[in-house]
Amino acid sequence: MTPPKLTEVAEGFSVHAVSALDARFLYREMFEGGTYAGISLPDEPFVIDVGANIGLFTLFVKRRRPKARIVAFEPLPELVAALHANVAEFGLHDVSVHETALGSEEAAGVSFRYYPLLPSSSTLYPQDQGQLRELLARSFPPRVVERMFQGREITVTVDRLSRYIGTDRPVDLLKIDAVGSELEILRGVDADLRPLLRNVVIDVQDVHGRVDELCLYLREMGLEPSVLKPPMADGEDTLNHLIHAVRP
């Protein structure tokens with residue numbers, strides 16, 4: 001396992017990361033691009049971060065709401081190591097980290113494709129990455145794109161989100177960035193727990209009609225979804241969408 005390195009992602013600001021390229025993009029997306037800026041949270045929110053990666057979203061929430069309680073999920077060991085390092089580096093409290101993927105059913109020994117140069121695109125569904133490759137080819141030489149998708153198989157466990165949602169308080173925000181597993185993650189929330197979800201925000205690639213499918217399911221859960229274009233998406237990027245669903 002490659003240990004994380006302290007990496008400068010903006011002038012004077014460094015985080016522990018396994019890929020400088022990926023970490024800098026995620027930093028710009030969250031801290032400069034305003035991807036999640038429009039989400040309203042109470043002073044002491046309960047936030048679930050699914051697909052936590054190296055913890056930049058967790059850090060983003062903590063910067064805005066220091067008293068937030070955050071439960072973070074990340075299945076890949078190298079990213080989990082960086083996530084723990086960043087929690088310690090920035091002295092974040094009330095953050096619990098679970099090294100597992102999430103889905104509709106519990107499972108062990110599930111094959112996950114990990115891309116060390118592009119870890120935020122690691123996925124249970126590598127067969128669906130064709131459009132992303134084409135999009136990246138507009139900005140990077142073919143040999144670089146090929147390197148980005150040189151991955152390896154990692155065996156992960158899959159758990160259900162319901163196990164981590166108590167009935168004692170609502171979930172002020174459920175954030176999902178899971179590269180293909182979004183619907184299965186939502187199916188892992190039992191019907192009696194769905195009313196506890198106040199806000200759901202999903203970063204999704206619209207492959208095989210995922211956006212429409214997710215919006216339909218969110219409505220079935222009693223939420224009202226809106227589909228937005230991520231602020232950092234260029235005019236030709238029709239792949240990534242941001243779904244923000246709120247409970248009326």
Worksheet item: Are D190 and R194 close enough for a salt bridge, meaning some N to O gap below 4.0 Å?
Response: no
Fill in: Hydrophobic cluster identity match, L92 and L6, side-chain contacts under 4.5 Å
no
Worksheet item: Any idea which heavy atoms bring Y27 and A10 closest together, and the distance?
Response: CE2-CB, 3.4 Å
Worksheet item: Transitively linked via ILVMFWY side-chain contacts under 4.5 Å: V204 with L197?
Response: yes
Worksheet item: In the single-linkage hydrophobic clustering (I, L, V, M, F, W, Y; side-chain heavy atoms under 4.5 Å), do V189 and V47 co-cluster?
Response: no
Discussion item. Would you say that K67 contacts D43 through its side chain, given a criterion of any heavy-atom pair below 4.5 Å between the two side chains?
Written reply: no
Worksheet item: Is there a path from L223 to L161 through hydrophobic residues (I, L, V, M, F, W, Y) whose side chains come within less than 4.5 Å of each other?
Response: yes
Worksheet item: In terms of ring plane angle, is the pair F13 and F31 parallel, tilted or perpendicular, where the classes change at 30° and 60°?
Response: tilted
Fill in: Heavy-atom donor-acceptor pair, T7 side chain to K5 backbone, under 3.5 Å
yes
Fill in: Short side-chain donor-acceptor distance under 3.5 Å, H244 and N199
yes
Worksheet entry | From R247, R69, R198, residue fulfilling salt bridge (charged side-chain N to carboxylate O under 4.0 Å, His left out) relative to D172 | R198
Worksheet item: Out of curiosity, T35 OG1 to D203 CG, how far, rounded to the nearest 0.5 Å?
Response: 7.5 Å
Worksheet item: Checking side chain to side chain contact (heavy atoms under 4.5 Å, CB included) for the pair L124/V110: CA distance, chi angles, key distance, verdict?
Response: CA-CA 8 Å; L124 287 168; V110 177; 3.5 Å; yes
Worksheet item: Does the ring of Y114 carry R152 above it, NZ/CZ under 6.0 angstrom from centre and within 45° of its axis?
Response: no
Worksheet item: Any side-chain heavy-atom pair from D177 and F57 closer than 4.5 angstrom?
Response: no
Worksheet item: For R210 and E182, what are the C-alpha separation, side-chain angles and deciding distance, and is it a side chain to side chain contact (heavy atoms under 4.5 Å, CB included)?
Response: CA-CA 9 Å; R210 280 184 189 143; E182 303 85 6; 3.9 Å; yes
Practice prompt. Answer whether the closest heavy-atom distance between the side chains of Y36 and K175 falls below 4.5 Å.
Written response: yes
Worksheet item: If you round to the nearest 0.5 Å, how far is CE of M221 from CG of L216?
Response: 12.0 Å
Discussion item. Quick one, F90 with V15, criterion side chain to side chain contact (heavy atoms under 4.5 Å, CB included). Give me CA distance, side-chain angles, the key distance, then yes/no.
Written reply: CA-CA 9 Å; F90 294 96; V15 297; 4.0 Å; yes
Practice prompt. Inspect the surroundings of CZ in R147 and state if more than 12 heavy atoms from other residues, nucleotides or ligands are less than 6.0 Å away.
Written response: no
Practice prompt. Taking all non-hydrogen atoms of both residues into account, name the closest pair between F112 and P75 and its distance.
Written response: CE1-CG, 3.9 Å
Fill in: Euclidean distance, Q150 CD relative to L118 CG, rounded to 0.5 Å
12.0 Å
Fill in: Pairwise side-chain contact, R219 with P225, heavy-atom cut-off 4.5 Å (strictly under)
yes
Fill in: Criterion side chain to side chain contact (heavy atoms under 4.5 Å, CB included) on I202 and L242, from CA distance to verdict
CA-CA 6 Å; I202 305 174; L242 199 69; over 6 Å; no
Fill in: Separation between CZ of R65 and CD1 of I70, rounded to the nearest 0.5 Å
11.5 Å
Practice prompt. Could you tell me whether the side chain of V200 reaches within less than 4.5 Å of the side chain of V246, counting heavy atoms only?
Written response: no
Worksheet item: Are side-chain N/O atoms of T157 and T100 paired as donor and acceptor at under 3.5 Å?
Response: yes
Practice prompt. Find out if a path of hydrophobic residues (ILVMFWY) with successive side-chain heavy-atom gaps under 4.5 Å connects I54 to V50.
Written response: no
Response to the item:
Of all heavy-atom pairs linking A17 and A23, the shortest is CB-CB, 3.6 Å
Worksheet entry | Distance, nearest 0.5 Å, that separates CZ of R160 from CG of L193 | 9.0 Å
Fill in: Within-4.5 Å side-chain heavy-atom neighbours: L117 and D22
no
Discussion item. Tell me if a side-chain donor or acceptor on R24 pairs with a main-chain N or O of E8 at a distance below 3.5 Å.
Written reply: yes
Worksheet item: Rounded to the nearest 0.5 Å, how far apart are CG of L186 and CD of E220?
Response: 11.0 Å
Worksheet, complete the sentence: Of all heavy-atom pairs linking R64 and I39, the shortest is NH2-O, 3.0 Å
Practice prompt. Check whether any side-chain N or O of T123 sits under 3.5 Å from a backbone N or O of V179 as a donor-acceptor pair, and report yes or no.
Written response: yes
Worksheet item: Closest approach of I154 and P77, non-hydrogen atoms and distance?
Response: CG2-CD, 4.3 Å
Discussion item. I need the minimum non-hydrogen distance between L83 and V97, along with the two atoms involved.
Written reply: CD2-CG1, 3.6 Å
Fill in: No-hydrogen, no-angle side-chain donor-acceptor test under 3.5 Å, D49 and T58
yes
Worksheet item: Looking at residues at least two apart in the chain, or sitting in another chain, which of them share a side-chain hydrogen bond (donor to acceptor under 3.5 Å, both in side chains) with S40?
Response: none
Worksheet item: Would you say Q205's side chain and V207's backbone share a donor-acceptor pair under 3.5 angstrom?
Response: no
Practice prompt. Mind telling me whether F149 and Y115 have parallel, tilted or perpendicular rings, with 30° and 60° as the class edges?
Written response: perpendicular
Discussion item. I'd like to know if the side chain of K62 reaches the main chain of A68, judged simply by a donor and an acceptor atom lying under 3.5 Å from each other, with no hydrogens or angles considered.
Written reply: yes
Discussion item. Under the criterion side-chain hydrogen bond (donor to acceptor under 3.5 Å, both in side chains), I'd like the reasoning laid out for S120 against N53: C-alpha separation, chi angles, the key distance, then a yes or no.
Written reply: CA-CA 7 Å; S120 63; N53 201 280; 5.0 Å; no
Worksheet item: Is there a side-chain contact between I48 and Y164, using heavy atoms and a 4.5 Å cut-off?
Response: no
Practice prompt. Applying side-chain hydrogen bond (donor to acceptor under 3.5 Å, both in side chains), name anything that partners E184, two or more places apart in sequence or on another chain.
Written response: S104, R187
Worksheet item: Side chains of I243 and C215: closer than 4.5 Å at any heavy-atom pair?
Response: yes
